[in-house]
Amino acid sequence: MFNLSYAHFANAYRRYASRDVQTLAAELGWAEQGAQRANGALVTSLALLSVGAPLTGTQAIAAGPLAGRRVCRGANRLADWLSERYALPEIIPLDQGLGEVAGQLFGRRGIVAFIQGNGPSGGLIGLLDGHSAQSLCGKAAARHPLDIRFWELR
C-alpha cells in the first residue's frame, strides 16, 4: 500500500491533462509511434507515477523523468490495480442512473472509475475534483458503465 494526497495527485493530474497529445507523446518518447489518444487512464497513470505510486502498467515510458516506468492505458485495468495495491474502493450503485451518481459524487474529491464489461482496456477513469461529477458522469454515459468505483483522497 502507498499513500496518496489529493493535492499532490490533482496537481500532477492537471499538469498531464493540460498537455496536447503530440507534446505528451514527445515527452514520453512515443513521438515515433504517432500521437495516441491521451485518455483518462494514461493521465491518471502518469499522475500516480509522479506522486510515487509503484504502478506496474503494460506500456513503458521511453523518455523523460518517468522513463522506464509503465503506465496503464485501460481504465478497467487501472481500477483493478488501484483496488489491489492502494485501497478497496467505494462501490457506487448505478440502479438510479448516472444523474443520481453525479449527485452522490458532487463535492467529493478523489479518483473515480466507470467500469465497462469489455475487458481491461474499457471504461473511464479520472480525477474527481468536487465539481466535475456531472461532466464525468456525462462522458461515462456513452460507455454504458456496469460498475462505479470511487477512491476518496484527502
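Between Gly29 and Ala62, the shortest heavy-atom distance links the atoms O-CB, 3.6 Å. Ser83 and Arg149 get closest at one heavy-atom pair: OG-NH1, 3.8 Å. Considering every non-hydrogen atom in both Gly74 and Ala41, the closest pair reads C-CB, 3.6 Å. For the pair Phe114 and Leu98, the tightest heavy-atom approach, listed with the atom from each and the gap, is CE2-CD2, 4.0 Å.
Listed for the Arg77 side chain is no donor-acceptor partner under 3.5 Å among the backbone atoms of Arg73. Formation of a donor-acceptor pair under 3.5 Å by the Trp151 side chain with backbone atoms of Ala87 is found in this model. A donor-acceptor pair under 3.5 Å is formed between the side chain of Asn76 and the backbone N or O of Gln116.
By the 4.5 Å side-chain criterion applied to Ile, Leu, Val, Met, Phe, Trp and Tyr, Ile115 is assigned to no cluster and stands alone.
A side-chain donor from one of Ser50 and Tyr16 sits under 3.5 Å from a side-chain acceptor of the other.
Leu24 and Ile125 fall within the same hydrophobic cluster, where Ile, Leu, Val, Met, Phe, Trp and Tyr residues are linked whenever their side-chain heavy atoms come under 4.5 Å apart, directly or through other members. Linking ILVMFWY side-chain heavy atoms closer than 4.5 Å, directly or via other members, places Leu78 and Trp30 in a single hydrophobic cluster.
With Tyr6 as the aromatic partner, Arg109 meets the cation-pi criteria of under 6.0 angstrom to the ring centre and within 45 degrees of the ring axis.
Note on ring orientation: taking the six-membered ring where Trp is involved, the planes of Tyr86 and Phe2 are tilted (angle from 30° to 60°).
The pair Asp80-Arg85 does not meet the salt-bridge criterion, since no charged nitrogen lies less than 4.0 angstrom from a carboxylate oxygen.
The salt bridge (Lys or Arg N to Asp or Glu O under 4.0 Å) check on Arg108 picks up Glu90, Glu152, with sequence neighbours excluded.
Distance check, rounded to the nearest 0.5 Å: CD1 of Ile61 to CZ of Arg70 gives 9.5 Å.
Residues in residues 51-75 take part in no ring-ring contact (aromatic ring centres under 6.0 Å, His included) pair, two or more places apart or across chains.
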